[in-house]
Q: 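Mind looking over this structure? Questions follow.
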Amino acid sequence: MALAMCLAPVPGPAPSAAEIDAAGEIAASARIDASGASPAVVALGAALFSDPRLSPDGRFSCASCHRPDAAFAEPGVARQRGRDGKLLATNAPSLLGLARRGPFRHDGAAPTLAAQIAVPLLAANEMANPSLAAVAARLAADRATVSDFEAAFGGGPTEARVVAALGAYLRSLTPEPSPFDRFQAGDPAALSPAARRGLTLFRGRAGCSACHLVDGDFRDGRFHDTGIAARRMRRPFPDGVRPSQGRIAVTGAAVDRFRVRTPGLRAVARTPPYMHDGSIRTLADVVRYYAAGGAAHAGLSPLIIPFAVDEGDVADLVAFLEALGETPTVPVSAAPAE
Ligand code: HEC
Ligand code: HEC
């Protein structure tokens, strides 16, 4: 059932009863390895993550849309293109700190990591495998891959093992050490004066920490209407792809229309463009969006409150957000806005 539910927003074949059973088995095996995956399982998961054999035509791996060299997002791309050549409705997020996240996806449609891993493997507009068993069978055709699975699990590729290995790898992706962490650990010089002013704004007048809690990954585990999904309804995608209406897709409750999960902000400078629809190009524009009070409409969260900023304040908040990750070695280009 969970698998069927999380596949609902993407057009594609309904999962068969066997696949739904597999999801239960997969969830169970993912829980087991959450309690301590062996290094061999994590290494196998890392290899699978970048393995194009995960897609039937060998054109897509997970790393196609979640680049390991870019905080596991795809900088510069507002919406990813799937195997059917069409753009998805949402932006691929960073996968750092995934172990502390969940439910998964911007609308929380995937209750477990195992359920979420099945989505890109099966969705018609992502990798489009006919079943998880087909993925395992493709991997089982290669002797070297079979021995890697045997070394990790004591047996060859199965659907549950493919998902468990990917899950163990994803859970191992911890956020990169940042200037902010060194500052929190007691080194005041780790943050520039601008970033320190930005932190004061973030916690104070700008009101950001009401939802992006200043600890861990800067999330609150909740869903809020920040006006982005509502604005997208008024500004449909030029290619006609149906935009997300947020959490309502999962709960059916009118109050959840346009509510989206608060994303974490670790390494955020490395993953433009921003928001679930990739509609904001730069961090400075994100700050200006909030300062203007978001996109006004009836359901807007009362926690989105306009605040006065000059360009110095914008630069300070951006300096703080940049200090939540490594500085990219190559400047990240902004994406075209739709
Ligand atoms: C065609 C591009 C594409 C491919 C290929 C892809 N993903 Fe994603 N991924 C996305 C997008 C877009 C989202 C955001 C979904 C949403 O919230 O609507 C996402 C979301 C996720 C999430 C949820 C993150 C969160 O914060 O909730 C996980 C986990 C994930 N992907 C893992 C994977 C794995 C593992 C693979 C390979 C099996 C994979 N992805 C392949 C585009 C892709
Ligand atoms: C009412 C809760 C709330 C408040 C207050 C808030 N945010 Fe957010 N933030 C969210 C949610 C929810 C999203 C996801 C919106 C979407 O994807 O449509 C988000 C998205 C973001 C993103 C994009 C992250 C990404 O990877 O795409 C950034 C950056 C951000 N917020 C920074 C800030 C800053 C800076 C402030 C203060 C000026 C702030 N937020 C205030 C809830 C909030």
Side-chain angles (χ1 to χ4, degrees), residues 6 26-27 29-52 54 60-77 80 90-106 108-121 126-127 148 152-153 161-182 184 212-213 215-221 261-272 274 276 321-330 332:
C6 65
I26 288 159
S29 73
R31 269 198 301 280
I32 293 162
D33 78 41
S35 58
S38 73
V41 172
V42 174
L44 176 63
L48 290 176
F49 189 83
S50 299
D51 192 333
L54 291 190
F60 283 93
S61 72
C62 311
S64 310
C65 300
H66 302 282
R67 282 176 34 200
D69 64 345
F72 295 87
E74 194 180 9
V77 177
Q80 279 63 35
T90 50
N91 175 260
S94 164
L95 301 180
L96 296 174
L98 205 74
R100 293 196 287 266
R101 215 176 292 179
F104 297 93
R105 306 178 79 74
H106 73 285
T112 63
L113 187 50
Q116 170 54 28
I117 290 168
V119 173
L121 289 170
E126 294 192 57
M127 294 163 124
D148 291 343
F153 289 109
R161 286 174 187 150
V162 169
V163 173
L166 284 168
Y169 172 60
L170 291 175
R171 271 187 233 96
S172 77
L173 302 176
T174 44
E176 49 199 24
S178 69
F180 175 72
D181 296 313
R182 293 195 288 282
Q184 289 289 76
H212 301 282
L213 306 183
D215 64 2
D217 295 339
F218 296 86
R219 60 181 85 239
D220 62 357
R261 188 189 57 178
T262 308
L265 298 178
R266 294 278 176 174
V268 72
R270 302 178 67 198
T271 65
Y274 300 106
H276 74 280
L321 294 169
E322 285 173 348
L324 302 181
E326 283 167 6
T327 310
T329 42
V330 181
V332 189

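Just so you know, residue 1 is the first one in the sequence shown, and it goes up from there. Just so you know, these numbers use all the heavy atoms, side chains as well, and skip hydrogens, waters and symmetry mates.
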Q: Restricting to side-chain hydrogen bond (donor to acceptor under 3.5 Å, both in side chains), what partner residues turn up for Q184, sequence neighbours left out?
A: none

Q: Step by step, would you call L98 with R171 a side-chain contact (heavy atoms from CB on, under 4.5 Å)?
A: CA-CA 6 Å; L98 205 74; R171 271 187 233 96; 5.9 Å; no

Q: Under the side-chain hydrogen bond (donor to acceptor under 3.5 Å, both in side chains) rule, collect the residues that match up with R67, sequence neighbours excluded.
A: D69

Q: Report yes or no: do D51 and S61 form a side-chain donor-acceptor pair below 3.5 Å?
A: no

Q: Going by heavy atoms in the side chains, are L95 and F49 under 4.5 Å from each other?
A: yes

Q: Of the options R100, R101, R261, which is the one that meets D217 in a salt bridge (Lys or Arg N to Asp or Glu O under 4.0 Å)?
A: R100

Q: What do the steps show when you test R219 against L213 for side-chain contact (heavy atoms from CB on, under 4.5 Å), and what is the final call?
A: CA-CA 6 Å; R219 60 181 85 239; L213 306 183; over 6 Å; no

Q: Just jot down the salt bridge (Lys or Arg N to Asp or Glu O under 4.0 Å) partners of D181, sequence neighbours excluded, or say none.
A: R266

Q: Is there a donor-acceptor pair closer than 3.5 Å between any side-chain N or O of S50 and the backbone N or O of A47?
A: no

Q: To the nearest 0.5 angstrom, please state how far the CG atom of L166 sits from the CG atom of L121.
A: 7.0 Å

Q: Partners of D148 by salt bridge (Lys or Arg N to Asp or Glu O under 4.0 Å), sequence neighbours excluded?
A: none

Q: I'd like to know if the side chain of Y169 and the backbone of V41 have a donor-acceptor N/O pair within less than 3.5 Å.
A: no

Q: Run the side-chain hydrogen bond (donor to acceptor under 3.5 Å, both in side chains) test against R182 and tell me which residues pass, sequence neighbours left out.
A: none

Q: Considering residues at least two apart in sequence or located in another chain, which fulfil the side-chain hydrogen bond (donor to acceptor under 3.5 Å, both in side chains) criterion with H276?
A: none

Q: I'd like to know if the side chain of E176 reaches the main chain of E326, judged simply by a donor and an acceptor atom lying under 3.5 Å from each other, with no hydrogens or angles considered.
A: yes

Q: Any side-chain heavy atom of P179 within less than 4.5 Å of one from E322?
A: no

Q: If every non-hydrogen atom of F72 is compared with every non-hydrogen atom of L173, which pair is closest and at what distance?
A: CZ-CD2, 3.6 Å

